[in-house]
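See structure below.
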Amino acid sequence: MGAIGGDEMAQWDNVDGGEVVNGAAGKLEKILVSVRLRPLSDKEIARGDPSEWECISDTTVIARSAFPDRPTAPTAYSFDRVFRSDCDTKEVYEQGAKEVALSVVSGINSSIFAYGQTSSGKTYTMTGITECTVSDIYDYIGRHGERAFVLKFSAIEIYNEVVRDLLSSENTSLRLWDDAEKGTYVENLKEVILRDWNHLKELISVCEAQRRTGETYLNENSSRSHQILKLTIESSAREFLGKDKSTTLAASVNFVDLAGSERASQALSAGARLKEGCHINRSLLTLGTVIRKLSKVRNGHIPYRDSKLTRILQPSLGGNARTAIICTMSPARSYMEQSRNTLLFASCAKEVVTNAQVNVVMSDKALVKHLQRELARLESELRCPASYSSLEALVKEKDNHIRKMEKEIKELKVQRDLAQSRLQDLLQVVGDNHVSKRPLASGRNFTFDVPQPCEDRKSTTESSSEVVDNVQNFRFQGRRAAQREVGSQQSENNVQFATPLSHSVSSPPFSGMPPTTSRDNVSQISNEDSDDVCKEVRCIETNETEGKNGLDSSAIRSNILQDSNVGASTHGNDDSRRDDVSTVTLEQHLETVRKPFANLVDDLGSSTRNPSSSRGIVRSRSCRSLMGSTLFEDLEKDDCTPPSRRFMDFPGRPEGGQRRGSALNFDAESETLSRAGSMLSEITTTRGGPKANGSVAGDTEFTGIGEFVAELKESFSVC
Ligand SMILES: Nc1ncnc2c1ncn2[C@@H]1O[C@H](COP(=O)(O)OP(=O)(O)OP(=O)(O)O)[C@@H](O)[C@H]1O
């Protein structure tokens, strides 16, 4: 059985057996709750029990006086409808049950409850409601000849938690079963197809006869059980009967006459009546709990299964049904507390929400067609994940892109901070020089500012990248690009020794950094702060201040030792050194350069003549930068030089100087000269001695430097 709910319910009168949407959302609505006061009974009048309750409107009933045990308890209660004692059952039905009850003809389950203490008029009211409903149902059937109706009737009694079939003469207990489609149902329950209205009247009479009753203090004919009369109505359009499109509406209406909710003490029960009362109140207690929980939260645990009454009526309590509850009460003062309890139950019940749906039974062919459409819909949904996966991939790609950009931003920030730091240092150096007003030539950084065809950084990079593979070159690089970075006001020049680019020069030339800190581009090199240059000069100055006229190889080694520790040893007294340097003129510097260079040439000449002594020769970085210009260029030119050797040249030198550098020729058999921690991984010389005279080479280089100095003097004089 399917379900159609909501607005579609009103359209069911026009359904002609066409397709009915199954599983549509139902209509949420609260239980319709009414209160009916009965007149004072003869007994009550006889004992002078006054009427305590009064209906002050169609929706509100009040107690004329406060409750004896609870003086602060409210005395006014409002519901969907309240009926005075002079209202007949027809009016109660019309206003408190009809709409709900007749939903059954539209395929909607419905239930009408009568709740109240014993002798309050439950059976009296429910009997009238049932008659009115059945009457209207048959009237409806009579007005809708286009539809074929089938009415079925069944009745059960729940007595002491035992379910009994009221249409059966056998006094056997019926079991309850749960079914996924039908819900809870009573096993072997007799269901009679009604022939007509009279047939139903007969059956209702049978039920009354079968129902267990007993005499209590309050009611001579008290119903001691819960009675549920169930009328099921199925309807189909006659036009489509037996055809593919034939569908059937099927719903039931329950008429529930509950046993009295009174306390056993009030009923003055004893023996069998007391036992009945315990069971009755157990079921009613569960019903009250279910209603109370349903009134607060729908999603929590609802103890339907705690009693057979609530288990059977579960669909009518917050489920697929429309529900109306008529609470009956005696107006007598003596039952004031019981009446108050009834009103509290009613107050909870009116907060309970049900979800009624139109229930449809399809023919087999219609069901197949419907299932085919459902299958197509599900297949369509299955195709959706493809689009989801593409979206997911897109999002993933975007995320990766964002992460990459964040990483780049981070790296750029680091580079920015580094550049700012270097710029700050350079500016500080410039500021110091301006303050001391040092002569240009006496600046601690003096530059062999050799004209370069490529002045910008890019060009420098390109020119550097042209260096021959596997050859390590030293160059006098024009520093104009770096100077522009520092600022045009920086008048002093720098001595700069740039390592070639894009080659595996594993030792940074003059930075004092670990050999593994290779430089990858000229810009980095040109960004080396002036400390590198200071180290170069310092090395020379140290010898000069020591008053040595020349540098032999041991002196050079000493300088190397100092230079290798330059980062640690020279930084501490940097300022004093700067002062010393400032007093030295350019010529003095150049002379200082010249002397060790001449000694070095001599030393190299002797070392080549004595191979054993050439091993382990180490050079000062300061001296190396100057001496290597011709020495290693010529080594490179030597055909006997192994291809793995690395050489140095100074491309920044004046061409004339380079040309004048004579070659040192070595034998093919070579050996490596190295210094610990040197940036030169290997320098090769020959065992057999130079093919050319080393002294000649040294003289030539010396002459070249002299000319170079002259050129520089001219440059500075121009500046
Ligand atoms: N609205 C009414 N008008 C006139 N008489 C009524 C009305 N309601 C109930 N009575 C009478 O009150 C008496 C008790 O009614 P009823 O048997 O329906 O009570 P009950 O709640 O079903 O009690 P129990 O739970 O013991 O079965 C009956 O004699 C009935 O005729």
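First listed ligand is number 1; within each ligand, the first listed atom is number 1.
The closest side-chain heavy-atom distance from His199 to Leu151 is not below 4.5 Å. Between Leu189 and Val163 the shortest side-chain heavy-atom distance does not fall below 4.5 Å. Side-chain atoms of Glu94 and Glu91, non-hydrogen and from C-beta on, never get closer than 4.5 Å to each other. Contact check for Leu102 versus Tyr140: no side-chain heavy atoms found under the 4.5 Å cut-off.
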Yes or no on side-chain contact (heavy atoms from CB on, under 4.5 Å) for Thr342 and Ser120, after CA distance, side-chain angles and deciding distance? CA-CA 10 Å; Thr342 298; Ser120 62; over 6 Å; no
Test Arg305 against Thr184 for side-chain hydrogen bond (donor to acceptor under 3.5 Å, both in side chains), laying out the working first. CA-CA 10 Å; Arg305 302 181 69 84; Thr184 301; 5.0 Å; no
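When heavy-atom distances to ligand 1 are checked against a 4.0 Å cut-off, Gln117 comes that close only through its backbone atoms N, CA, C and O. Counting heavy atoms under 4.0 Å from ligand 1, residue Ser41 does not touch it at all.
Looking at Ser120 next to ligand 1, an N or O pair under 3.5 Å apart turns up. Where the criterion is an N or O separation shorter than 3.5 Å, residue side chain and backbone included, Gly121 meets it with respect to ligand 1. Taking only nitrogen or oxygen atoms, main chain and side chain alike, Arg38 does not reach within less than 3.5 Å of ligand 1. Inclusion of Tyr124 in the set of residues having an N or O under 3.5 Å from an N or O of ligand 1 is warranted. Looking at Ser85 next to ligand 1, no N or O pair under 3.5 Å apart turns up.
Close approach to Thr118 involves these atoms of ligand 1, each under 4.0 Å from a residue heavy atom: 23 (O), 24 (P), 25 (O), 26 (O). Taking every non-hydrogen atom of Gly260 and a distance limit under 4.0 Å, the qualifying atoms of ligand 1 come out as 25 (O). Distances below 4.0 Å separate heavy atoms of Pro39 from the following atoms of ligand 1: 1 (N), 2 (C), 3 (N), 4 (C). Atoms of ligand 1 found under 4.0 Å from any heavy atom of Arg36, numbered from 1 in the order shown, are 1 (N). Atoms of ligand 1 found under 4.0 Å from any heavy atom of Ser119, numbered from 1 in the order shown, are 14 (C), 19 (O), 20 (P), 21 (O), 23 (O), 24 (P), 25 (O), 26 (O).
A salt bridge does not link Glu131 with Lys201: none of the charged nitrogens is closer than 4.0 Å to a carboxylate oxygen.
Relative ring orientation between Trp197 and Tyr138 is described as tilted, the plane-to-plane angle lying within the 30° to 60° band.
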